[in-house]
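Just below is one structure, and these are the notes that go with it.
Count residues from 1 along the sequence.
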Amino acid sequence: VNLAADKKLPGNINLTFEGIFSKTINNIAYSDVNMRPAVGIVDQAYNNGFDKRIAFSTSATGRRINPLITNAILISNTNKGYTMNLGFTANRTTKNLFTQLAYNYNISNDVNSGASSTALSQWEFVQVVGDPNSPQLATSNYQLKHRITGIISYNFEYAKHFKTSIALFYNGNSGQPFTYLVNGDLNSDGRFGNDLLYVPADASQIRFIDRLNGAGTAVVSTAAEQAAAFEAFIKADKYLSSRRGKYTERNGRSTPWEHVIDARIAQDFFVNMGGNKHDVQLTFDIFNL
C-alpha cells in the first residue's frame with residue numbers, strides 16, 4: 001500500500017507526504033529437519049539457573065535424527081514480517097537558490113533477513129533464544145529507522161558566458177542494527193554465534209571463573225574483576241540496562257548516528273549559436289566533506 005499527497009504552500013514551498021506499508025506473503029524460511037527436539041534447559045553452571053532457554057543433546061549423534069547426515073536444510077516460506085515507511089519532503093526553488101529537507105521513518109521486521117550466502121548459513125546465523133527452527137519475528141538487518149537528508153544549491157551567471165553552482169548535500173541516519181549474543185554454543189544446537197544473551201538482573205545471576213594465562217599457571221583476571229567489568233558494561237549501555245532479567249533481541253541495538261556532508265562545485269561555460277545554447281561543464285566533488 002502506497003499513499004502520498006503533495007501540497008503547494010505560499011512562498012513557493014512544495015510539501016510531499018508519503019506512507020508505504022508492505023506485508024510479507026511468502027518470504028523465505030529455513031529449518032534443519034534432521035534435528036531432534038530439545039531435551040531440557042541449559043546447564044546451570046552458566047547462569048546460576050536463571051537462564052531458562054531450551055537445550056539440545058550435547059552429542060552430535062544424539063542431536064540428529066539420522067546420524068549419517070549432518071544438516072538437512074528445508075527451504076520453506078513464512079508470512080510473518082512487514083515493512084513500514086513514513087516520510088515527508090519540503091523544497092523551495094527561487095531564481096538562484098534551491099533548498100530541500102526530507103525525513104523518513106522506517107520499521108522493518110522479518111523472521112530471516114536473508115543476509116547470508118547458503119541455505120545452511122541462512123539458517124544457522126539467525127540469532128534465537130531456544131529453537132533455531134522456530135526463529136521469532138524481529139528487527140530486520142535492513143531497518144534504517146531514521147533518515148534525514150538536506151540539499152542547498154546556489155548558482156549564479158556572470159560575464160554572459162559563465163555559470164558557477166555550489167551545492168551541499170547532507171545525509172544523517174540512525175545507526176545499523178546489531179545483536180548482543182553469546183560467543184559459543186549455549187543451547188547445544190551445534191551452531192556457534194546464534195544464541196542471544198541473557199542479561200542478568202544483578203551480578204548474582206551470572207557465574208564467572210578466574211581467567212588464566214596461556215600456560216594456565218597464573219590468573220590474568222579474577223572472577224570478581226570480570227563480574228565487576230561486565231556489570232559496568234551493562235550499566236553503561238542503555239539497551240542492555242533495559243533488558244535486565246531478559247534476553248537480548250535480534251538486532252535490538254544499533255550503532256550511533258552517522259552524519260555525512262558532500263559538496264559539489266560545477267563550472268559552466270556556454271555560448272548561444274544559431275538559436276541553440278551550447279554548454280561545457282566541469283564538476284568537482286568532495287565526498288564526506
Going from [atom1] on [X] to [atom2] on [Y], what distance comes out if it is rounded to the nearest 0.5 angstrom?
X: F178; Y: S254; atom1: CZ; atom2: OG; answer: 7.0 Å
X: T248; Y: D195; atom1: OG1; atom2: CG; answer: 10.0 Å
X: N96; Y: Y154; atom1: CG; atom2: OH; answer: 4.5 Å
X: R64; Y: R36; atom1: CZ; atom2: CZ; answer: 11.5 Å
X: Q205; Y: F50; atom1: CD; atom2: CZ; answer: 4.0 Å
X: N155; Y: K95; atom1: CG; atom2: NZ; answer: 10.0 Å

Report task. Output, in order, the C-alpha distance, side-chain angles, deciding distance and verdict of side-chain hydrogen bond (donor to acceptor under 3.5 Å, both in side chains) for T16 and D6. Result -> CA-CA 4 Å; T16 298; D6 294 316; 2.7 Å; yes
Query - Check against side-chain contact (heavy atoms from CB on, under 4.5 Å), Q127 and V182 - result: CA-CA 10 Å; Q127 297 88 9; V182 176; over 6 Å; no
Quick check on the hydrophobic clustering: are [X] and [Y] connected, directly or via other members, by side-chain heavy-atom contacts under 4.5 Å?
X: L68; Y: V33; result: no
X: L197; Y: F192; result: no
X: L282; Y: I286; result: no
X: I151; Y: L15; result: no
X: F56; Y: I65; result: no

Requested in this report: Start with the C-alpha gap between D262 and D285, add the side-chain angles, then the distance that decides, and say whether side-chain contact (heavy atoms from CB on, under 4.5 Å) holds.
Outcome: CA-CA 8 Å; D262 299 326; D285 294 299; over 6 Å; no
Do [X] and [Y] have side chains that approach each other closer than 4.5 Å (heavy atoms only, starting at C-beta)?
X: D51; Y: Y247; value: yes
X: S113; Y: R250; value: yes
X: I25; Y: N79; value: no
X: N187; Y: I54; value: no
X: K145; Y: I107; value: yes
X: Q136; Y: V128; value: no
X: N171; Y: F169; value: no
X: Y198; Y: V42; value: no

Query raised in the report: Would you call the rings of Y180 and Y239 parallel, tilted or perpendicular if under 30° counts as parallel and over 60° as perpendicular?
Result: parallel
Query raised in the report: Which word best sums up how the rings of H146 and Y105 line up, parallel for under 30°, tilted for 30 to 60°, or perpendicular for over 60°?
Result: tilted
Query - Q100/T89 under side-chain contact (heavy atoms from CB on, under 4.5 Å): CA gap, chis, key distance, verdict - result: CA-CA 7 Å; Q100 177 171 291; T89 302; 3.7 Å; yes
For the residue pair [X] and [Y], what are the closest heavy atoms and their distance?
X: N27; Y: T24; value: CB-CG2, 3.3 Å
X: Q267; Y: K163; value: NE2-O, 3.3 Å
X: N213; Y: V220; value: N-CG2, 3.4 Å
X: E231; Y: D202; value: OE1-C, 4.4 Å
X: Q176; Y: E258; value: CG-OE2, 4.2 Å
X: L144; Y: N173; value: CD1-ND2, 3.6 Å

Query - Steps toward side-chain hydrogen bond (donor to acceptor under 3.5 Å, both in side chains) verdict (N34, N66) - result: CA-CA 6 Å; N34 197 35; N66 184 340; 5.6 Å; no
State whether the side chain of [X] and the backbone N or O of [Y] hold a donor-acceptor pair below 3.5 Å, judged by distance alone.
X: R264; Y: T283; value: no
X: E18; Y: N2; value: no
X: T222; Y: D210; value: no
X: R244; Y: P200; value: yes
X: Q143; Y: S140; value: no
X: R92; Y: N12; value: no
X: E225; Y: S221; value: no

Query - Donor-acceptor pair between N194 and D189 side chains, under 3.5 angstrom - result: yes
Query - Polar side chain donor-acceptor pair, N272 to K277, under 3.5 angstrom - result: no
Requested in this report: Would you check, one step at a time, whether the test side-chain contact (heavy atoms from CB on, under 4.5 Å) holds for Y158 with T164?
Outcome: CA-CA 9 Å; Y158 53 96; T164 300; 3.0 Å; yes
**Report entry** Sole candidate of N133, D32, T118 that passes side-chain hydrogen bond (donor to acceptor under 3.5 Å, both in side chains) when paired with W123
**Finding:** N133
Report task. For the pair N141 and N251, evaluate side-chain hydrogen bond (donor to acceptor under 3.5 Å, both in side chains) and give the outcome as yes or no after the intermediate values. Result -> CA-CA 7 Å; N141 288 27; N251 290 328; 2.8 Å; yes
If you count every heavy atom of other residues, nucleotides or ligands that lies below 6.0 Å from [X] atom [atom1], does the total exceed 12?
X: N183; atom1: CG; value: no
X: I69; atom1: CD1; value: yes
X: K235; atom1: NZ; value: no
X: K238; atom1: NZ; value: no
X: R253; atom1: CZ; value: yes

Query raised in the report: Which residue, D131, L74, I75, forms the side chain to side chain contact (heavy atoms under 4.5 Å, CB included) with S31?
Result: L74
Query raised in the report: Could R243 and E249 be called an ion pair, given the rule that one side-chain N must be under 4.0 Å from one carboxylate O?
Result: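 Salt bridge: yes.
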